Every structure is written in C-alpha cells, then in structure tokens.
Amino acid sequence: MSLIVKKFGGSSVANAERVFNVANRIVEDYKKGNDIIVVVSAQGDTTDDLIAKAKEINPKNASKREMDMLLSAGEQISIALLAMAIEKLGYPVVSLLGWQAGFSTDSNHGIARIKAVNSERIKNEIEKHKIVVIAGFQGLNKYDDITTLGRGGSDTSAVALAAAMKADLCQIYTDVDGVYSADPRKIPTAVKMNEISYDEMLELATLGAQVLNNRSVEMAKKYNVELEVLSSLEVKPGTIVKEKVKMEKTLIRGAAKDNNVACISIIGLEDTPGIAFKIFNKIAQYKVNVDIILQSVGRDNTKDITFTVSQDQSDAAIEAINSLKESLNYKDLSIDTSVSKVSIVGAGMESNPGVASKMFEALSDAGINIRMISTSEIKISVLIDEKYADKAVEVVHDKFIG
Ligand code: ASP
Ligand code: MG
C-alpha cells in the first residue's frame, strides 16, 4: 500500500468523458489499497476564458487580488466534477479547495509561492479512506485572501503536497506520454526517456519543453520528490524525474528551442571600468532577468554589450537602459525579437569533450549562423535567427540522437 499523489492537467479533464476516464484511472489504483490524493487543473481552456472575461470588464487594471479570486474558480469547477464522477463510480471521495487543503502562500497575487501545506484535513480524510481531490494552482495568504501560483501552477501544488505528505509517488498525468528528447510533433525521431535528472529536466522545462512547470521541478529537486510524467489517456509507463539516473548511451538528453527571446545591443559604450556594473545593476532594479551576455573586445576606447532577455521583459529592459542615457553616453541601442535560443541538454557533456563542436558542425552544415553562444555544465545554447529555429533543433537532434 502506498500514498500516491496524482495530478491531472486541464486537457485531461476537459469534458465529461475525460473526467470519467480520469475517475476510472484513480479508482483503479484506489482499489489496489492505495491512499490517493488528486490534484486537478481547470478544465481545458477555462483559465484563458476567465482571463478573457476579466479583460471585458477591465482590460488593464483589474486588481491582482480579484484576478486570483476569478481564476481560482476554474479549479473549483473541476474538483467538484471529478469528485461527482468518483461518487458515481461508487467510491468515497471529498473535494477540497486550496485553502481547505491547507495551502498557505505569500501575498504575491498571480505568482504566489507556497509557504506551507498544513495537511491535517487531508490526513483526516485519508484516514476515513476517502479519495481526496484538491484544487491545484491556489492557496491562501496571511490575510485570508485567495492567491494563485502562476500559469501551470498545479504541477507545483502536486509536488508540494507530495513533499508535505511524504508520498511514495507523485504522478503528473498529461496529454503526452512522457518527456521526449525533442518535441515529438515536430521531430519524428524524438525518443521518450525512461528517466531524466532534475537538473536536466529543469533546463528543458525552462527552455519551454512544456511538459512540467519549472517551479515544480525546482521544488521536486529541493524536497527530493520523485516524479513520473505519464499519459492520462494511454496506460503505459512514463518518464521518471529524479536526482540520479542511469547513464544512457546518449550524451545528449534533448534539444529544444525558445522563441520568447529578445536580443538587446548597446553600441559604442565607453571602454572603462564599471560600465557593465552600471547597466546590469539598473536592469536588476527593473526586475529583469538577463540570460546570455556578450561584451565585445574594446577598440578605439569603445565597446559593445549585447544581452538577451525574455521577450515579455524587453520593454522593461529598454526602459532601464534609456534611464541611463545621460550617464552612459552610448551611441546606439537596438533590440531584435526575431531571434531564438536553441539548446542541447545532457549531464553527459560534463565529462565528454567535443560536444560543442559537434553541435556547431551540425549548424554549420545546415548553413545556420550563430550569433551568440552560452554554456553551462549540462547545456549549450546558441542564439540564432528565429526563422531557422525549427531547422536548427532538427539538425542538432539528428546529430546527437536521431
Ligand atoms: N489552470 C491554471 C493554468 O491554466 C493552472 C494549471 O493548469 O496548472 O495555468
Ligand atoms: Mg494549464
């Protein structure tokens, strides 16, 4: 007998048929004598639809508190419907909102962080042998106001619960059957991984391989919660995400692209100490995350600094630099949003030379120009023209895996 946390995403409970499908999957494991806690997201596009409704009322200035009040309703619908389906199948069940399940968060509405899960109520219900169905994505702050955890936050709810309850297993059910070495809809030779490490998964999640929310992976790593990503529609094993995985023959686990990138160049800066500090200190004050940074070699007492940020933060970054116009005295400032970051990820590259050169060879053979390069112990990223992004993923994936 085990304690299992199961999370089902919005597409897995999108309509009545899917809700019953999920109810059946839950009941199967319950019948084997397991204790089951379920976390669900809002059905299908509900969250997007709710956001659209808010825009009809107040397109720009709806308060974050009321947005959270609104968005949390999506999950309230799905937990009630799923609980009803389980009742109909004849099994004991109770649905709980985030606050009833003991989720307390900070007060950052719209992107709140979980501070604790006070699991008394859940434990009581489990002792009564009930299946407990919990609304993901939501909690309560210290003022007793409802908060939400940010888009895709239900994954994090599930991991937090698994950690708090010391669950034996945390299963994340979705519409793909695991984590692939590339997007299987675009790269037919993409392979499903049996296992992947937290660090590798984090890199892929951050790159927009949309299987797991990256905060949830961070939390899983922190509390050492083993995850399984698997299909809600087909019954077969998925991909296990954990600390240490067996070394497979492949050096590279996956290749992915991120189009949500903007490249900003500041041209003709004075070549003196303190310039980079000034710029990035200001950008940090504007709460912008910088990714790749490149500084040119100084020439004629000037230098250029180029860096990337996510596209949604590019306005703030430009504003930050403009505010330095007087004191920096640069010649030109430009921004390019038609760029993409293509990366390969794999813990194996740490101890194997030649990975970067192999990647660059694949790109060069395809005639794709590299604008910037950055590396970490387990990742190599290149910045290229967005129009070649899919091609780049394909040739790089082919070179290492395909
Ligand atoms: N329903 C929320 C969203 O669409 C949370 C989630 O799906 O995890 O972002
Ligand atoms: Mg969702």
Side-chain angles (χ1 to χ4, degrees), residues 5-15 18-19 21-22 26 37-55 62 64-83 95-101 103 105-106 108-114 117 133-141 146-163 170-176 179 201-202 204-206 208-220 225 227-233 238 241 260 310 312:
V5 173
K6 293 174 180 286
K7 182 259 169 180
F8 293 90
S11 59
S12 303
V13 291
N15 53 42
R18 295 252 174 116
V19 170
N21 165 61
V22 165
I26 294 167
I37 302 173
V38 184
V39 174
V40 257
S41 305
Q43 292 186 288
D45 296 328
T46 304
T47 308
D48 291 328
D49 296 344
L50 291 172
I51 292 172
K53 278 187 194 298
K55 289 206 170 122
K64 290 183 173 167
R65 181 196 183 275
E66 299 309 334
M67 279 309 288
D68 279 356
M69 192 59 106
L70 180 68
L71 297 192
S72 64
E75 273 69 13
Q76 179 158 0
I77 296 172
S78 49
I79 55 169
L81 293 175
L82 179 57
S95 69
L96 300 174
L97 290 169
W99 67 267
Q100 294 174 301
F103 277 86
T105 72
D106 64 19
N108 254 321
H109 283 287
I111 186 85
R113 277 185 187 268
I114 299 169
V117 186
V133 179
I134 296 171
F137 176 58
Q138 55 178 257
L140 203 65
N141 69 12
I146 306 248
T147 53
T148 66
L149 308 180
R151 299 305 307 267
S154 302
D155 291 347
T156 313
S157 309
V159 174
L161 265 174
C170 182
Q171 295 178 306
I172 310 281
Y173 290 84
T174 165
D175 47 9
V176 293
V179 183
M201 190 64 235
L202 258 181
L204 287 175
T206 315
Q210 283 155 347
V211 260
L212 281 176
N213 172 283
N214 60 347
R215 261 196 189 177
S216 73
V217 185
E218 267 168 28
M219 187 177 286
V225 174
L227 304 176
E228 183 181 14
V229 178
L230 69 175
S231 163
S232 63
L233 298 169
V241 189
N260 179 20
S310 75
D312 29 290

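Only a predicted model underlies this, so the values are computations on that prediction, with no experimental measurement involved. In listed order, ligands and their atoms are each counted from 1.
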Under 4.0 Å from any heavy atom of [X], which atoms of ligand 1 are there?
X: G152; result: 3 (C), 5 (C), 6 (C), 8 (O), 9 (O)
X: S41; result: 6 (C), 7 (O), 8 (O)
X: R151; result: 3 (C), 4 (O), 9 (O)

Exercise. Would you check whether G10 reaches within less than 4.0 Å of ligand 1, judged by its heavy atoms?
Key: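 So G10 does not count as touching ligand 1.
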
Quiz item: If you measure from each heavy atom of G136 to ligand 1, is any distance below 4.0 Å?
Solution: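 False for this residue.
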
Is a side-chain N or O of [X] found less than 3.5 angstrom from the main chain of [Y], in a donor-acceptor match?
X: S95; Y: A80; result: no
X: N21; Y: S232; result: yes
X: N214; Y: A205; result: no

Quiz item: Is a side-chain donor-acceptor pair under 3.5 Å present for D68 with T148?
Solution: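 Yes.
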
Quiz item: Can you name the salt bridge (Lys or Arg N to Asp or Glu O under 4.0 Å) partners of D48, sequence neighbours left out?
Solution: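 Per chain and number, D48 pairs via salt bridge (Lys or Arg N to Asp or Glu O under 4.0 Å) with R151.
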
With respect to [X], determine whether any N or O atom, backbone or side chain, lies less than 3.5 Å from an N or O atom of ligand 1.
X: F137; result: no
X: K7; result: no
X: D155; result: no

Quiz item: What pairs with Q76 under side chain to side chain contact (heavy atoms under 4.5 Å, CB included), at least two apart in sequence or on another chain?
Solution: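 Testing Q76 for side chain to side chain contact (heavy atoms under 4.5 Å, CB included), a comparison that skips the adjacent residues, returns L97.
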
